[in-house]
Amino acid sequence: MGETIPTWKPTCNPSVSVRLSGRKTSSDGGAFLLREVMDRSGICEQLGQQLQDHSDPSKVRHSLTSQLRTLMIQQAQGWDDLSDTQLLGEDPVFQLACSDQRSTTPLTQQRPSQPTLSRLLNLLALDANRAVLHDGLLDLAMWRLSSMRGGKPLPSITLDVDGLPIETFGNQAGTGYNRYVGCTHYSPLVASIAETGDMVGGLLREGNSGNAAQADQWIPGLVQRIRQTIGAQVQVRFDSGFTGGHTLSALDAANIPFVGRMTSNAVLDRMAQPYLKRPAGRPPQQLREWCHEFYYKAESWEQHRRIVLVVSERPDDLFLHHFFLVTSLDSKDWHGHEALSLYRRRGKAEGHMGELKDTLNVHLSSTCRGASTVQDVMGRNQVNLLLDLYAYQLMHSLRVLMEYITHQGWSLRKVREQILKIAATVAVHARRIRVHIGRAGNKWWPVLLRHLSWLHQAPT
């Protein structure tokens, strides 16, 4: 560190000379935008008040809020390893964006070290603090949903629940090999809102967990929290892995409407057989579909349930194709085709979860160091998963704002590459700080800054 090099001339162009200048520069000017989203949502201050911390105040150098900002902003900016903290120790933008202090004080203070942030993960992994983090993620998503609507919440929400296999390496506690996935992994549940792209919950499970393990308790609790927070009507979508008796019975008991894909079996196929006859006439030039309804009781179910049989006739195909949906939606308000249309919009949720894994590089790497138990490791990795979802929500808030402004689609990767990863130079004069954003920011920063007020300030 602090090493100097002589002037270097690259062979591609002898007119170019390269040297270390020592100026206060950063490649992450967009960290200020992420801090603005945090401040408008009030999420870090809320977490700082609710999290339990028994540390001696006289020995605390970095507040909980500043440490939480550090973890979330670094993750959103693409620095997804705690070891990157040392590399960013003197980055002026991170010093300013993550600190609680004002004026030039943050530039003279050290940032939280890697051991400090590791201890924070242990603190957050306590049962009570994990619950606070989970509730805070939902509050952040609800703020995002209402921020573009003048503070008005959505009247109804469709919650998509699915597994998100996360591959692991080495000997990590709680992992398991899955033949279908083809790797050793954890098997967390993630809840999102497909139509808006918001992530509202995440539950880490061991790798050998079944598709619907813990879903019968976790989904009703999450829905109840949404109802209490904004009073919205909530319905749930899922795939065939969640149609077991325990999950559906729990949803019925909590009065939660649902629609999900059914796995075909011999009994259902016999019931569908009368509807699988090709209509008379020439094959169509376009896809045709029919929806038929009947009631069916699986062995694991306590009662008969409404089944929607979807039959499709594809051009240039000799056979009809079919699949089944199970739903508790009211047949008077939700006819077969409407239930099918609602289920198919679930495809957006899978796209958002793929984007989460790709852009945030979700990886859970806590190990059994020291005297850690399996529960300790799972707790830290649960915290890592939630922090990834927080980072996603911060980036998603800027993404949605840019979509409103430009009337075109934006990916999280595009947000990071064209808005967040912008070079910045920090100059200090007479206790005033000027941050000069590089020319690459000229394309989107001016219009984004003019419309930041559209993200309304959360009530305190």
Is a side-chain donor-acceptor pair under 3.5 Å present for [Y] with [X]?
{"X": "T116", "Y": "R119", "result": "yes"}
{"X": "T85", "Y": "Q114", "result": "no"}
{"X": "R261", "Y": "S240", "result": "no"}
{"X": "D28", "Y": "Q77", "result": "yes"}

Shortest non-hydrogen separation from [X] to [Y] and the atoms involved:
{"X": "V415", "Y": "W410", "answer": "CG2-CE3, 3.8 Å"}
{"X": "L412", "Y": "E355", "answer": "N-OE2, 2.8 Å"}
{"X": "T168", "Y": "T175", "answer": "OG1-CG2, 3.2 Å"}
{"X": "L455", "Y": "S147", "answer": "CD2-OG, 3.6 Å"}
{"X": "A339", "Y": "V259", "answer": "O-CG2, 4.2 Å"}
{"X": "Y186", "Y": "V377", "answer": "OH-CG1, 4.0 Å"}

Are the side chain of [X] and the backbone N or O of [Y] linked by a donor-acceptor pair below 3.5 Å?
{"X": "Y343", "Y": "G260", "value": "no"}
{"X": "H396", "Y": "T196", "value": "yes"}
{"X": "R416", "Y": "T359", "value": "yes"}

Value rounded to 0.5 Å, distance of [atom1] in [X] from [atom2] in [Y]:
{"X": "T104", "Y": "Q95", "atom1": "OG1", "atom2": "CD", "answer": "11.0 Å"}
{"X": "N384", "Y": "L71", "atom1": "CG", "atom2": "CG", "answer": "8.5 Å"}
{"X": "S41", "Y": "M38", "atom1": "OG", "atom2": "CE", "answer": "8.0 Å"}
{"X": "Q50", "Y": "D135", "atom1": "CD", "atom2": "CG", "answer": "7.5 Å"}
{"X": "Q224", "Y": "R227", "atom1": "CD", "atom2": "CZ", "answer": "8.5 Å"}
{"X": "R111", "Y": "S113", "atom1": "CZ", "atom2": "OG", "answer": "10.5 Å"}

Under 4.5 Å between any side-chain heavy atoms of [X] and [Y], yes or no?
{"X": "D162", "Y": "L189", "value": "no"}
{"X": "W79", "Y": "L87", "value": "yes"}
{"X": "D216", "Y": "L248", "value": "no"}
{"X": "L120", "Y": "H62", "value": "no"}
{"X": "L107", "Y": "P92", "value": "yes"}
{"X": "M353", "Y": "M199", "value": "yes"}
{"X": "L387", "Y": "L121", "value": "yes"}
{"X": "V37", "Y": "L398", "value": "yes"}

Stepwise side-chain contact (heavy atoms from CB on, under 4.5 Å) test for S118 and L82 = CA-CA 8 Å; S118 295; L82 278 186; 3.7 Å; yes
inquiry  = Using 30° and 60° as the class boundaries, would you call the ring planes of W454 and H451 parallel, tilted or perpendicular?
reply    =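 Correct class here is perpendicular.
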ask   = Hey, what's the ring geometry for H456 with W143, parallel, tilted or perpendicular (30° and 60° as the breaks)?
value =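 Rings of H456 and W143: tilted, as their planes differ by 30° to 60°.
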message = Please evaluate residues Q75 and D388 with respect to the criterion side chain to side chain donor-acceptor pair (under 3.5 Å), reporting the C-alpha separation (whole Å), side-chain torsions for both, the decisive distance (0.1 Å), and the verdict.
response = CA-CA 7 Å; Q75 183 68 22; D388 285 332; 2.8 Å; yes
N-O pairing of [X] and [Y] below 4.0 Å:
{"X": "D100", "Y": "R69", "answer": "yes"}
{"X": "R237", "Y": "E195", "answer": "yes"}
{"X": "D139", "Y": "R225", "answer": "yes"}
{"X": "R305", "Y": "D252", "answer": "yes"}
{"X": "R35", "Y": "D39", "answer": "yes"}

Side-chain atoms of residues 423-447: list all donor-acceptor pairs with protein atoms under 3.5 Å, sequence neighbours left out, distances to 0.1 Å.
unit_1	atom_1	unit_2	atom_2	d
R431	NH2	S103	OG	3.1
W444	NE1	Q418	OE1	2.7
W445	NE1	I419	O	3.0

task = Please report the C-alpha distance between D91 and S26 in whole Å, then the side-chain angles of each, then the deciding distance to 0.1 Å, and finally whether the side chain to side chain donor-acceptor pair (under 3.5 Å) criterion is met.
result = CA-CA 6 Å; D91 187 295; S26 171; 2.9 Å; yes
request  = Tell me, please, which residues at least two apart from R344 pass salt bridge (Lys or Arg N to Asp or Glu O under 4.0 Å).
outcome  =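 If we apply the salt bridge (Lys or Arg N to Asp or Glu O under 4.0 Å) test to R344, skipping adjacent residues, the hits are E289.
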key: Derivation and outcome, side-chain contact (heavy atoms from CB on, under 4.5 Å), residues F258 and V326   = CA-CA 8 Å; F258 61 82; V326 58; 4.3 Å; yes
